[in-house]
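The structure appears below as structure tokens.
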Amino acid sequence: MSSKKEAKALKEELFTKKKNACLVLSDKDIKAADDFCEDYKKFLDDAKTEREAVKTAVLLAKKNGFKEFKFSKKLKPGDKVYTVNRDKAVLLAVIGTDDISEGVRISAAHIDSPRVDLKQNPIYEDGELALFKTHYYGGIKKYQWTTVPLSLHGVVFLKSGKKVEIVVGESEDDPIFCITDLLPHLAQSQMKRTPPELIKGEELNILIGSRPFKDDKESEKVKLNIMKLLNDKYGIEEDDFVSAELEAVPAYKAKDLGFDRSMVGAYGQDDRVCAYTALKAILDIENPKKTAVTVLTDKEETGSDGNTGLNSAYLSYFLSDLAENLGGVPRHVISASECLSADVNAAVDPTFPDVTEAKNASKINYGVVVTKFTGSRGKAGTSDASAEYVFRVRDLLDKNGVVWQTGELGKVDLGGGGTVAQYIANLNIDVIDVGVPILSMHAPFEVASKVDTYMAYRAFKVFFED
Ligand code: MN
Ligand code: MN
């Protein structure tokens, strides 16, 4: 005979115990999360591009006693080293006390975010306005990038060989830029376009000036005036844009979001929320048992190809270097290693609940998300973590009081996506996606919860310390 009371007790015992982290955590923990996110917001403002993220990471690493890795210099437990790949990716390691043959612990996040890149021959004048032609980077809804204040970041190699670094639009007194859009009054035919074409790729033109150079005879006087300004300030000639990488990103700063200040709203939180937390985790550990590695990679948003993306050999080369330096066999060390692929997942958006399946989607404030697989259709284009490894991570997080939840990238067959996990798995490393749930992913302004962010940091840290 069962009673109502028995059913209640059974339910409590058998059903999921997952709760909103804000109800589980102590006030002290929530305060710690809020405090943690003050520095996180600063990181977001300092590191709006992959190059800036590398610079910022190296600066913080040096402050925390990391030295540049030299293969010829013998490493010992407790040593902290970093190495930079082409200014766009960075690897950090803290040498553990255990034999390197037992493998290393890796946290891998990406520091590139969707944005609008300048074309190789960008500058032109039309209708007595000066503009830049662009080519978008990563998966964006192009219409979202119009009428957003933009700043310009990057490098130009002048014909002399001089490298010029450019950041315009971030200081209070800097000018900013924007991509214009049609007024609703005249958008009748634009609004009949199918949504992906609402703004076309070739319409993502950035407005950069309007005053003509004062000369009656020459044409393209507005372009000439801008070229003169650029030449006076940076020494740039038009052909120098070919050897440049200039990226337009939202010009605004990271801010607290909500009356309760429980969230952070900012550009580029996919995946700098995991980049910062994985970075901070390795900066904060001392004398781990297993050697800890954080890799902050480029090119994830375009599929991880290219020599600064994780589909290249640079991670395995670094792990091999560490192995050889510490007297291990590289392939044995790599095969014995474990990884948390630190990337964001899509949080349930109450305005668009149809794309997620409630029992398996991640939610804001439910802690760090453990995603067994990503990919699309029949689990194509992913590494599907084994039950053994999921247990390993689940157990680790539970034992250390890290609030976590499971997640998936939308309903089955509705879309999908990938992370760097598959490329790490291809090295014969156990890997699973662990990251922060995000609202408005890939938009110029993304939202993350402070407690989830803090739980991601705690997850990476306990993984290193285990
Ligand atoms: Mn990502
Ligand atoms: Mn992404």
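Atoms within each ligand, like the ligands themselves, are counted from 1 in listed order. The first residue in the sequence is number 1, and the count goes up from there.
- By the ring pair (Phe, Tyr, Trp, His ring centres under 6.0 Å) test, Phe36 is found to be paired with Tyr276, Tyr454, Tyr457, residues two or more places apart in sequence or in another chain being considered.
- Applying the side-chain hydrogen bond (donor to acceptor under 3.5 Å, both in side chains) definition to pairs two or more places apart or across chains, those involving residues 413-427 are Thr419-Asp433.
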Could you list the donor-acceptor pairs under 3.5 angstrom formed between side-chain atoms of residues 17-24 and any protein atom two or more places apart in sequence or on another chain?
residue : atom : partner : partner atom : Å
Lys17   : NZ   : Glu13   : O            : 2.8
Lys18   : NZ   : Trp404  : O            : 2.9
Asn20   : OD1  : Cys22   : N            : 2.9

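- Between Gly328 and Val333, the closest heavy-atom pair is CA-CG2, 4.2 Å.
- For the side chain to side chain contact (heavy atoms under 4.5 Å, CB included) with Phe464, the qualifying choice from Asp284, Val293, Ile282 is Ile282, the only one to do so.
- Protein N/O/S atoms found under 2.8 Å from the Mn ion (ligand 1), listed by chain and residue number: His110 NE2, Asp270 OD1, Asp343 OD1, Asp343 OD2.
- Using modelled atom types, one finds a donor on one side chain and an acceptor on the other under 3.5 Å when comparing Glu170 with His153.
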